[in-house]
Number of protein chains: 2
Amino acid sequence: MAESSLNKIQNLSGSLSQRVYQSLREAILSMQYPPGTVIRKGAICEQLGVSRSPVAEALARLSAEGLVDVIPQSATKVSCFSMDEIREASFLRQALEVAAVEKVTLERSEEQLAALTRNVRMQALLVEDKDFVGFYQADEEFHTLLMNFTGFNGVSQVLDSVSLHLVRARMLILPEEGRPAEAVKEHQAILAAIKEQDVDAAREAMKYHIGQLIPRILPLEESHAEYFKM
Amino acid sequence: MAESSLNKIQNLSGSLSQRVYQSLREAILSMQYPPGTVIRKGAICEQLGVSRSPVAEALARLSAEGLVDVIPQSATKVSCFSMDEIREASFLRQALEVAAVEKVTLERSEEQLAALTRNVRMQALLVEDKDFVGFYQADEEFHTLLMNFTGFNGVSQVLDSVSLHLVRARMLILPEEGRPAEAVKEHQAILAAIKEQDVDAAREAMKYHIGQLIPRILPLEESHAEYFKM
DNA sequence: TCCTTAATACTAACATGTTAGTTGACGATT
DNA sequence: AATCGTCAACTAACATGTTAGTATTAAGGA
């Protein structure tokens with residue numbers, strides 16, 4: 001028995017509901033619970049050693065977020081995604097990241113610029129060393145830094161909540177030769193525009209960078225049709 | 001007894017939890033439950049004639065959305081907002097509406113253009129007739145139309161979920177002489193740019209339009225300090 | 001053999017009982 | 001009089017019992 005691949009809730013903080021929610025969310029986003037997976041409240045209760053109340057609350061929140069589909073009085077499944085939803089998520093992400101990079105370009109401090117520069121240099125080194133998991137983390141940090149440098153604490157979370165389907169689909173993309181190197185170049189272009197305080201260049205560079213994800217996701221609709229709606 | 005100013009859940013559809021959620025959300029967004037209001041589960045149960053389960057689920061969702069603050073084992077209150085949160089909401093709204101208007105400007109059909117034109121003309125007539133509630137509705141419809149014309153069904157809901165604090169603060173703004181007429185002009189500028197397919201003009205016109213809200217909200221921090229955090 | 005139908009088993013949804021943590025008030029102590 | 005500690009009352013959080021709707025399966029008829 002695989003012990004259900006659910007993270008132990010003991011390691012998490014907050015109320016029981018909160019911990020169950022985090023555990024399930026993590027399992028779904030990491031594709032350990034792939035789209036279509038049937039979630040039974042009873043099973044979750046047993047595996048996590050909690051009663052049905054916190055599980056019900058957690059599933060209600062996941063349902064509101066669109067990560068699970070509840071079929072009334074019958075079952076609840078991990079939601080599938082459609083290419084339309086992924087396109088929409090990409091559109092929303094682009095909107096937020098573009099707005100963020102515009103604001104940061106105009107208002108950046110020297111410290112912020114230094115932090116971004118350091119991060120991008122690190123990216124280049126990691127790719128050179130072929131440390132791709134390290135690069136992945138640095139990549140995520142680059143975007144998180146930008147979000148936080150807007151001065152608004154919540155935008156990073158909004159971006160997450162809007163990119164849910166995107167994050168899951170991204171898990172399925174096969175490592176592509178040369179893509180990390182390209183991504184570094186795109187990050188460098190964004191950084192250069194921020195440095196020069198060239199808003200138009202920053203906007204276009206970010207648009208292009210975010211836009212690069214969709215064409216790589218497109219083939220999934222055929223190669224992983226079981227995860228798509230209809 | 002005011003019967004608590006909660007909408008009767010009989011008029012709503014969906015599960016009990018869903019209906020309770022909608023009822024509470026409506027009461028909070030309309031400021032019938034102003035920030036700081038203490039919400040007792042027991043009282044809600046009694047008023048709506050339901051048990052604690054659906055109320056708990058509804059409050060959990062409202063808490064996740066940031067509309068209520070739950071103080072563990074103690075109480076749950078309608079959340080106050082800070083000027084920072086309002087600025088953030090405005091930033092997010094601007095990001096989404098700008099991205100939407102850019103996309104619509106590039107891809108609009110003649111029918112869409114006609115619908116927007118009709119709406120803006122209606123706005124002008126309503127302001128001329130001093131029908132300000134009618135104008136308010138047409139204003140909202142204008143923005144909803146733009147969102148829907150992106151071709152993405154969910155963006156309108158994302159906009160709502162991101163503008164929660166903005167919507168509540170807006171309720172407190174006193175009617176300002178001449179503002180509706182100005183808003184119509186701004187809508188006309190946006191429409192003109194869409195017609196001409198001038199992306200830069202559309203972006204700037206939308207940025208300006210959304211930006212007009214913040215300065216009108218600023219005075220609230222003093223005139224309604226009781227609704228603000230700290 | 002295939003379709004219809006009725007009974008059964010299973011699930012989410014709801015109701016209610018129980019636990020545990022917080023708050024506020026009152027009284028004792030300094 | 002002021003402060004600290006204790007206790008009682010209240011609340012959210014959790015556990016569990018109950019209901020009602022759905023899906024599956026098996027039986028019976030065409």
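Convention: sequence-line order gives letters A, B, ...; per-chain numbering from 1. Predicted model, so just to flag it, every value in this text is computed and none were measured.
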Do the non-hydrogen side-chain atoms of A/Met171 and A/Gln32 ever get within less than 4.5 Å of each other?
no

Inter- and intrachain pairs under ring-ring contact (aromatic ring centres under 6.0 Å, His included), touching residues 57-76 of chain A, at least two apart
none

Side-chain contact test, heavy atoms from C-beta onward, threshold under 4.5 Å: evaluate it for A/Ile44 versus A/Ile39 and give yes or no.
yes

Within the structure shown, what part of the strands sits under 4.0 Å from B/Arg52 by heavy-atom distance: base, sugar-phosphate, or nothing?
base

Sub-4.5 Å side-chain heavy-atom contact between A/Ile86 and A/Leu166
yes

Pairs touching residues 69-108 of chain B that satisfy ring-ring contact (aromatic ring centres under 6.0 Å, His included), sequence neighbours left out
A/Phe152-B/Phe91, B/Phe81-B/Phe228

At a heavy-atom distance below 4.0 Å, which nucleotide of DNA chain C is the first touched by chain B, and which is the last?
C/dC14 to C/dT23

What residue pairs, at least two apart or across chains, pass salt bridge (Lys or Arg N to Asp or Glu O under 4.0 Å) with a residue in residues 131-145 of chain A?
A/Asp139-A/Arg170, A/Glu140-A/Arg170

Strictly below 4.0 Å, N to O, side chains only: are A/Glu85 and A/Arg168 in salt-bridge contact?
no

Could A/Glu111 and A/Arg118 be called an ion pair, given the rule that one side-chain N must be under 4.0 Å from one carboxylate O?
no

Under a 4.0 Å threshold between the charged nitrogen and the carboxylate oxygen, would A/Glu102 count as salt-bridged to B/Lys207?
yes

Dot-bracket notation for DNA chain D, counting Watson-Crick and G-U pairs under 3.5 Å, with | for partners on another strand:
||||||||||||||||||||||||||||||

Close residues, residues 53-72 of chain A, relative to DNA chain C [heavy-atom separation under 4.0 Å]
A/Val70

Which is more 5' along DNA chain D, the nucleotide nearest A/Val50 or the one nearest B/Ile39? Just name the residue.
B/Ile39

Looking at B/Leu67, is its backbone amide N or carbonyl O close enough to the side chain of B/Ser79 to form a donor-acceptor pair, meaning the two atoms are under 3.5 Å apart?
yes

